[in-house]
Amino acid sequence: MLPFFIFYTMEGDTCFNESEVGLLKEDVTAVILAAGEGKRMKSGLPKVLHSFLGRTLLEHVMAAALPVSRNQVVVIGRGGEAVMAALGEGVTYAWQEKQLGTGHAVMQALPHLPAEGTVLILYGDVPLLDTATLKKLLAHHHSGGFAATVLTARVPDATGYGRIVRSESGSLLNIVEEKDATAAEKDIGEINTGTYAFAAAALREALGGIGQDNTQGEYYLTDCIGVLVKKGYNVAAHLMPDYRLALGVNDRKQLAEAAALMRDRINSGLMAEGVTINDPSSTYVDVTVSVGGDTVLLPNTILSGRTTVGERCTIGPFTEISDSRLGNGVVVRHSVVSGSVLEDGVTVGPFAHLRPETRLGRHVKVGDFVEIKKSEVGEGSKIPHLSYVGDAVVGKSVNLGAGAIVVNYDGRKKYETQIDDGAFVGCNSNLVAPLHIGKGAFVAAGSTVTRDVPPGALALSRAEQVNKPNLARRFLKKEPGEK
Ligand code: UD1
Ligand code: CA
């Protein structure tokens, strides 16, 4: 699972506009915490590597932060090797050997942080935060010249979150974790989203002032706020309007909630760009997918990976397309397509399976119960029913009749088949590879073809028919008309 998108944007400047470059000049380094075990997930996989809609939780966070911070330090620990394997090189890692809390995690990143400038801290399990919110947080932080600014939200159910404690006049005093909160503090509806902008020097100073004197015996990053307030620094809380983006994923239920919200966000974006989605609640499009205007996505469609869909296509219902490129005006119904290219005007399904390295030329028709693997099919060719085509190069305007099968495998090796332009393969034929069927050749129905067929030739390879008069009754239980 390579974060292709992240690498691409890290290497290229294409995703930065003028104002973002302005922010970058402010020297923002992001620290993303991803060292926790995620006990509540009850999983063998580190929590931050759970994924939805094309990215892991951690990649969602990194992608949101990237436009405001190209310098990203990821703190890893539990399952750190797996996290590194998933993100690859090109990311700065800081190891937290023992998970002694979020404050302790940030301490491990200190050697990678600048002496001055802004440090943006994010938790790897808050995947819905968007770039716009982070920009507003940074703008608020910079405008007031604060030592620290916490991103907060007012939630209907604050259970599990740290509460934001304000003075009577409304200024930020500190953050109290649920497990350490008094009953009155638990009533507070404003929560810590786990996202902060710090002045680098103030962060170092605050981390030096926190301890482990709390219910969990951990170094809480949240305590940095109270430490700074006591020292007389100016700190601020930036309240975000849409609390749903602050959802922290601690268990599988929250993972599903976050996935549903991300699905709605992606689908709304597509609809705004002119894509029809009949049932957004059953349509899943990865963040890495692009869909052209006037395309219709019917219920239960899943588009994933590096898939691009052109304009005026109809996809679904009940269709799964991954890592594939579809041109304009393509129709795919009730089918599974992976690693394939479908040029303009192709129609697929219902119930077809296109496996990797399949390439269908313009206006190719692939019908029901057809499987194609690692094959090229030329413009206008038809494979309408019940076929298997593997390791083949099929020319233009070829017709494969119902049940025509490419026999590409002898149990040990795979062999290739070439069927040239305009050839006609009759129903229920076996084309035993390696095989070359010439241009305009005709294979009679029911043939098992083991030798090349020259251009224009008729290949006929089946037992001759014998009719035995009146013998049918021997095989019939009853005479015709008998009761
Ligand atoms: C934390 C906050 C809480 C906030 C909530 C928002 C603290 C003490 N609490 O609680 O105020 O409302 O997030 O979602 O910060 N991690 C490490 N190393 C550690 C511990 C955690 O890297 O030693 C990482 C985890 O991988 C995770 C993130 O920090 O990505 C948050 O940790 P988690 O245990 O989920 O904190 P919460 O209990 O959710
Ligand atoms: Ca959490």
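Sequential numbering from 1 along the given sequence is applied to the chain's residues. Atoms within each ligand, like the ligands themselves, are counted from 1 in listed order.
For atom 23 (O) of ligand 1, the closest heavy atom belonging to the protein is Gly101 N, 2.9 Å. Glu177 OE1, 2.9 Å is the protein heavy atom nearest to atom 9 (N) of ligand 1. For atom 16 (N) of ligand 1, the nearest protein heavy atom (residue, atom name, distance) is Gly36 N, 3.8 Å. Protein heavy atom nearest atom 22 (O) of ligand 1, with residue, atom name and distance: Ala35 N, 2.9 Å. Atom 37 (P) of ligand 1 has as its closest protein heavy atom Arg40 NH2, 4.1 Å. What sits closest to atom 14 (O) of ligand 1 on the protein, heavy atoms only, is Tyr161 CE2, 3.9 Å. Nearest protein heavy-atom neighbour of atom 31 (C) of ligand 1: Tyr123 CD1, 3.6 Å.
Looking at Thr102, Ile121, Ile76 and measuring to atom 7 (C) of ligand 1, the nearest heavy atom belongs to Thr102. Between atom 18 (N) of ligand 1 and the options Gln99, Gln216, Gln96, the minimum heavy-atom separation is to Gln96. For atom 27 (C) of ligand 1, the nearest non-hydrogen atom from the set Val150, Asp223, Asp125, Val83 comes from Asp125.
Ligand-side atoms of ligand 1 in range of Gly162: 3 (C), 4 (C), 11 (O), 12 (O), range being under 4.0 angstrom from any heavy atom. Against a heavy-atom cut-off of under 4.0 Å, Ala105 is close to the following atoms of ligand 1: 17 (C), 18 (N), 22 (O). Atoms of ligand 1 lying under 4.0 Å from at least one heavy atom of Lys47, given by number and element, are 35 (O).
For Leu221, no nitrogen or oxygen atom sits less than 3.5 Å from a nitrogen or oxygen atom of ligand 1, counting backbone and side chain alike. On a distance-only criterion, Tyr220 and ligand 1 share no N/O pair closer than 3.5 Å.
By the 4.0 Å N-to-carboxylate-O rule, Asp242 lies close enough to Arg244 to be salt-bridged with it.
Between His60 and Phe52, the ring planes are parallel. Angles under 30° get that label, and only those over 60° would be called perpendicular.
Here the closest non-hydrogen pair linking Phe146 and His141 is O-CE1, 3.1 Å. Scanning all heavy atoms of the two residues, the minimum distance from Ile225 to Ile175 falls at CG1-CD1, 3.8 Å. Scanning all heavy atoms of the two residues, the minimum distance from Asp27 to Glu116 falls at OD2-O, 4.2 Å.
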